[in-house]
Amino acid sequence: MIKVHGYGAVNPQAPVAPIEFERRDVGPKDVKIDILYCGVCHSDIHMVRSEWGPSVYPIVPGHEIVGTITEVGAEVTKFKVGDLAGVGVFVDSCRECPSCKKGQEQYCDEEMTPTYNGYYRDGVTQTFGGYSSTYVIDEAYTLHIPFTKELERVAPLLCAGITTYSPLRYAGVGKGHKVAVLGLGGLGHMAVKFAASFGAEVTMLSTSPSKEADAKALGAHHFALSTDPATMESLKGSFDFILNTVAASHDLNKFLGLLKVEGKMLLVGIPPEAAEVYAATLISKRRSIVGSMIGGIAETQEMLDYCAEHNILSDVEMINMKDVNEAYERVIKSDVKYRFVIDMKSLRD
């Protein structure tokens, strides 16, 4: 077993603090990654605090991982020592169900193996995440990083990037479409970049007038204040798609009315309470709500390659490992532009 230094929590009330644990030795098809950067996702906070159901403790968060391969197993063919590699939200799946065979491992019938807060396929060995020095992972679930610089801005693509790229691609968003992005945060800022890059006319819907300049700098063509009744009235029936990134409680019906006939709300945010949707709002214009969760390995690699080709990166604030608890409080207050990334060198210093 490999001894690993990291940061984790031992119960829902505990701060994220230094912790030592073990990872498996490098197997024939495994690669060992020395972690350079790890993004901070809002889901890290939810799971550290056991807000999405019982978490597995001790918990070491982090599923936006970029690092350098330092060791490869004897049967590894896709990577070599010295390659840059990434790890996203999951590290294994059953590999046999229809979803896995279609390259949609995130929808595995037997559930994907999460990068942290879960167990490997043996049901016994716990997974620990990227707030740590090292990760060991099967090469089949490892991603090539097609960037050579600004790697800290690449890390959030492994979650925030693919979470917004996948539904936009699934919906076929492109030239001639009018797309609204609801919520300008870690997900929303990537949604704006992707939708604009795909050729859509993009409107940012926000409750904060102060975000207009940022939204337009990111690529939005228009900004609309969702708290203004006159603005919302004027936008009824305007959009082909709304990408809804909001994780706070909000009224879906208020925004469904902004969709055209056969318009789709692409839902990626997870509010704490169940939503109430009026059937008539959907039926009257054949509107629909489509849920989406990250992407499979092939699509995530496609997204990374697209980002490298089109110079799309996350906007980040760098932090040291010891400052992660303060970062959590700022995330909760939406006080970050737009993703915290931990410099893992600070773990070693």
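Fair warning: this is a prediction, and the values are worked out from it, not measured in the lab.
- Looking only at distances, no side-chain donor or acceptor of Q104 sits under 3.5 Å from a matching main-chain atom of G295.
- The closest donor-acceptor contact from the side chain of S50 to the backbone of S55 lies under 3.5 Å.
- One finds a salt bridge joining R49 and E329 here, because a Lys/Arg side-chain nitrogen approaches an Asp/Glu carboxylate oxygen to under 4.0 Å.
- Side-chain atoms of T125 never come within 3.5 Å of backbone atoms of Y120 as a donor-acceptor pair (strictly under, hydrogens ignored).
- Note: Y116 and H63 have tilted aromatic rings, judged against thresholds of 30 and 60 degrees for the angle between ring planes.
- Side-chain atoms of T115 come within 3.5 Å of backbone atoms of G88 as a donor-acceptor pair (strictly under, hydrogens ignored).
- Formation of a donor-acceptor pair under 3.5 Å by the D44 side chain with backbone atoms of P61 is not found in this model.
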**Prompt:** What's the verdict on salt bridge (Lys or Arg N to Asp or Glu O under 4.0 Å) for D214 and K211, showing C-alpha distance, side-chain angles and the deciding distance?
**Reply:** CA-CA 5 Å; D214 282 357; K211 292 188 175 181; over 6 Å; no

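- By the 6.0 Å contact criterion, CZ on R286 is open, its count of non-hydrogen atoms from other residues, nucleotides or ligands being 12 or less.
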Result block: side-chain N/O donor-acceptor pairs under 3.5 angstrom for residues 153-164, not counting sequence neighbours:
residue: R153; atom: NE; partner: S314; partner atom: O; Å: 2.7
residue: R153; atom: NH1; partner: E150; partner atom: OE2; Å: 3.1
residue: R153; atom: NH2; partner: S314; partner atom: O; Å: 3.4
residue: R153; atom: NH2; partner: D315; partner atom: OD1; Å: 3.3
residue: T163; atom: OG1; partner: C159; partner atom: O; Å: 2.7
residue: T164; atom: OG1; partner: A160; partner atom: O; Å: 3.0
residue: T164; atom: OG1; partner: G161; partner atom: O; Å: 3.1

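- Between F194 and Y165, the ring planes are perpendicular. Angles over 60° get that label, and only those under 30° would be called parallel.
- In E75, the CD atom is crowded: over 12 heavy atoms of neighbouring residues, nucleotides or ligands sit closer than 6.0 Å.
- For K178, the NZ atom sits in a loose shell: 12 or fewer heavy atoms of surrounding residues, nucleotides or ligands are nearer than 6.0 Å.
- Of the charged side-chain nitrogens involved, none lies within less than 4.0 Å of a carboxylate oxygen, so that E139 and K78 do not count as a salt-bridged pair.
- For K260, the NZ atom is densely surrounded, since the number of other residues' heavy atoms within 6.0 Å is greater than 12.
- E326 has no carboxylate O lying under 4.0 Å from a charged side-chain N of R330, or vice versa, which leaves the two without a salt bridge.
- Not counting sequence neighbours, the partners of N311 by the side chain to side chain contact (heavy atoms under 4.5 Å, CB included) test are L313.
- A 4.5 Å side-chain heavy-atom check between T113 and T127 finds at least one atom pair inside the cut-off.
- More than 12 heavy atoms of other residues, nucleotides or ligands lie within 6.0 Å of NZ in K254, so this atom counts as buried by the packing criterion.
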**Request:** I would like to know whether R95 and D138 meet salt bridge (Lys or Arg N to Asp or Glu O under 4.0 Å); could you show each step before the answer?
**Result:** CA-CA 12 Å; R95 311 187 188 206; D138 188 309; 3.0 Å; yes

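- Using a distance-only test at 3.5 Å, with no hydrogens or angles considered, a donor-acceptor pair links the side chain of R287 to the main chain of L256.
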**Request:** Go through the steps to decide whether N320 and I342 satisfy the test side-chain contact (heavy atoms from CB on, under 4.5 Å), and finish with yes or no.
**Result:** CA-CA 6 Å; N320 289 331; I342 304 165; over 6 Å; no

**Prompt:** Can you list the steps and then say if V290 with M265 is a side-chain contact (heavy atoms from CB on, under 4.5 Å)?
**Reply:** CA-CA 6 Å; V290 180; M265 177 178 283; over 6 Å; no

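- Summarising the local packing, OH of Y170 is surrounded by 12 or fewer heavy atoms from other residues, nucleotides or ligands at distances under 6.0 Å.
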